[in-house]
There are 2 protein chains.
Amino acid sequence: MTDQEKNTEQKILEAASRVFLRKGMAGARMQEIADEAGINKSLLHYYYRNKDKLFISVFRLAIQDFLPGILHILNSGIPIFQKLERFIHEYMRVLIDNPFVPMFILHELQRDPDRLFQVFKDAGIEPSRFIKEFEASVKKGEVRNIDPRHLIVNVLSLCIFPIAARPMMQRVLFDNDARAYEAFLKEREAVVSEFVINAIQP
Amino acid sequence: MTDQEKNTEQKILEAASRVFLRKGMAGARMQEIADEAGINKSLLHYYYRNKDKLFISVFRLAIQDFLPGILHILNSGIPIFQKLERFIHEYMRVLIDNPFVPMFILHELQRDPDRLFQVFKDAGIEPSRFIKEFEASVKKGEVRNIDPRHLIVNVLSLCIFPIAARPMMQRVLFDNDARAYEAFLKEREAVVSEFVINAIQP
DNA sequence: GTCTATATCGGGATAGAC
DNA sequence: GTCTATCCCGATATAGAC
């Protein structure tokens with residue numbers, strides 16, 4: 001693979017990411033992706049034979065960019081409260097840097113659950129270790145008795161939703177002031193940690 | 001307007017809702033909507049001149065079906081903790097009955113924020129009363145000092161996300177067992193209330 | 001109001017020159 | 001590897017009969 005080739009392929013993938021992430025598979029236009037990449041439409045087909053293959057590449061990339069750092073924290077051996085704090089902090093940072101990823105994944109996963117979830121599984125998600133660890137903490141009386149799966153869903157909700165629903169929340173609560181909403185999101189790193197920890201304290 | 005007309009128009013709107021809510025504006029096909037309504041494609045254009053007008057009708061409907069009950073609780077005069085409990089209970093019930101609405105609104109709002117948010121505003125959302133009320137409770141020391149906007153976002157997150165992200169969560173946490181996930185959602189009515197109230201207790 | 005037939009158009013995909 | 005030109009299908013939209 002020549003340098004030129006690698007650059008073009010990379011340019012296409014980045015352009016396609018931007019377009020797919022905003023518009024979704026159905027809403028994205030090959031022409032728009034080509035324009036965004038500064039190349040001709042036919043070149044898309046040269047590198048990725050059709051729209052679907054290009055989409056899958058983008059979907060896989062979005063997940064791979066997303067999971068590793070997160071999983072690393074979840075599987076680390078630090079104490080439970082500290083782990084939650086670190087996870088929330090790190091996860092929200094990644095989300096703020098990739099604001100379109102959550103909606104994209106949720107929307108497309110709803111459109112074609114089975115096929116796309118396969119891509120997910122291949123990336124290796126495995127919450128069972130955290131669940132066992134949390135259950136042990138409950139038994140030791142370190143945390144309030146709450147189903148760890150509810151806790152997981154709660155934490156993900158509190159991190160992801162404010163990013164995914166930004167177009168609505170920013171308008172309703174902040175008069176569509178982008179700066180104010182960014183500050184609000186930054187605050188949340190601490191607010192969510194505190195909220196969760198208060199909620200599960202015995 | 002004859003009875004027949006009203007029925008057909010209604011049938012179309014209901015069919016269109018199902019299709020748009022699942023597939024989104026870009027993914028929905030007029031043919032599919034016609035099939036779903038058991039009528040001819042041309043009839044869609046007879047009642048709603050084009051796809052966009054049909055879509056807007058569905059979007060407006062989705063919002064109108066959604067907001068009134070919620071707003072009624074938020075604007076009622078009951079005490080703050082009780083209000084939160086009622087809101088969470090009622091909101092989750094509506095969400096469970098209309099599981100596709102959240103993703104639909106979020107996705108479409110991201111695609112065309114300004115135009116679609118107008119529909120939202122027309123329906124009359126107004127959180128400022130609740131915000132003032134909550135700030136008063138903070139001053140009286142009834143609740144922990146937390147920015148009410150964070151609380152609003154937290155509550156909405158905890159209610160909406162588990163529904164919107166069901167295709168993912170059900171697979172990751174429940175081995176894609178639909179029954180188990182429904183039970184999980186039912187549990188959440190109480191779990192979320194408890195979680196939130198614990199989190200904001202002084 | 002409802003149907004069949006058809007026009008029109010946009011967009012994904014391909015052929016082929018360079 | 002990159003471009004221009006073009007094909008072809010699917011989907012929206014319209015015309016017109018009943």
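Residue numbering restarts at 1 for every chain, and letters A, B, ... go by the order of the sequence lines.
Here A34(B) lies out of heavy-atom contact (under 4.0 Å) with every strand. Using a 4.0 Å heavy-atom distance criterion, A28(A) is classed as a sugar-phosphate-only contact.
Rounded to an integer number of Å, the gap from I12(A) CD1 to dC3(D) C1' is 13 Å. What separates CG of N40(B) from P of dA5(C) is a distance of 11 Å, to the nearest Å. What separates CG of L43(A) from P of dT2(D) is a distance of 5 Å, to the nearest Å. The distance between atom CZ of F55(B) and atom C1' of dA11(D), rounded to the nearest whole Å, is 17 Å. As rounded to whole Å, 14 Å separates atom P of dG11(C) from atom CE of M25(A). In this structure, CD1 of I33(B) is placed 12 Å from P of dA11(D), rounded to the nearest angstrom. If you take CD1 of I39(B) and P of dG1(C), they are 13 Å apart, rounded to a whole angstrom. Taking atom CG of L54(A) as the reference point, atom C1' of dG11(C) lies 15 Å away to the nearest angstrom.
A donor and an acceptor atom, one from each side chain of R93(A) and N98(A), are nowhere located under 3.5 Å apart. A donor-acceptor pair shorter than 3.5 Å can be found between the side chains of Q118(A) and D122(A).
The side chain of R49(A) has dT14(C) as its nearest neighbour among dT14(C), dT2(D), dA13(C). In the set dT12(D), dC3(C), dA15(C), the nucleotide with an atom closest to the side chain of S42(A) is dA15(C). Comparing dT4(D), dA13(C), dT2(C) by their nearest atom to the side chain of M30(A) picks out dA13(C). Candidate nucleotides dT2(C), dT14(C), dT2(D) were compared by shortest atom distance to the side chain of Y46(A), and dT2(D) ranks first.
One finds a side-chain N or O of H45(A) lying less than 4.0 angstrom from the OP1 or OP2 phosphate oxygen of dA13(C). Taking side-chain N and O atoms only, R29(A) has a distance below 4.0 Å to OP1 or OP2 of dG12(C).
Look at E126(B) and R129(B) and you find no salt bridge, because none of the NZ, NE, NH1 or NH2 atoms lies under 4.0 Å from a carboxylate O. With salt bridges taken as basic N to acidic carboxylate O contacts below 4.0 Å, one links R149(B) and D147(B).
Looking at K41(A), its side chain has no donor and acceptor atom pair within 3.5 Å of the base of dG11(C).
By the 6.0 Å and 45° rule, R111(B) does not stack over the aromatic ring of F117(B).
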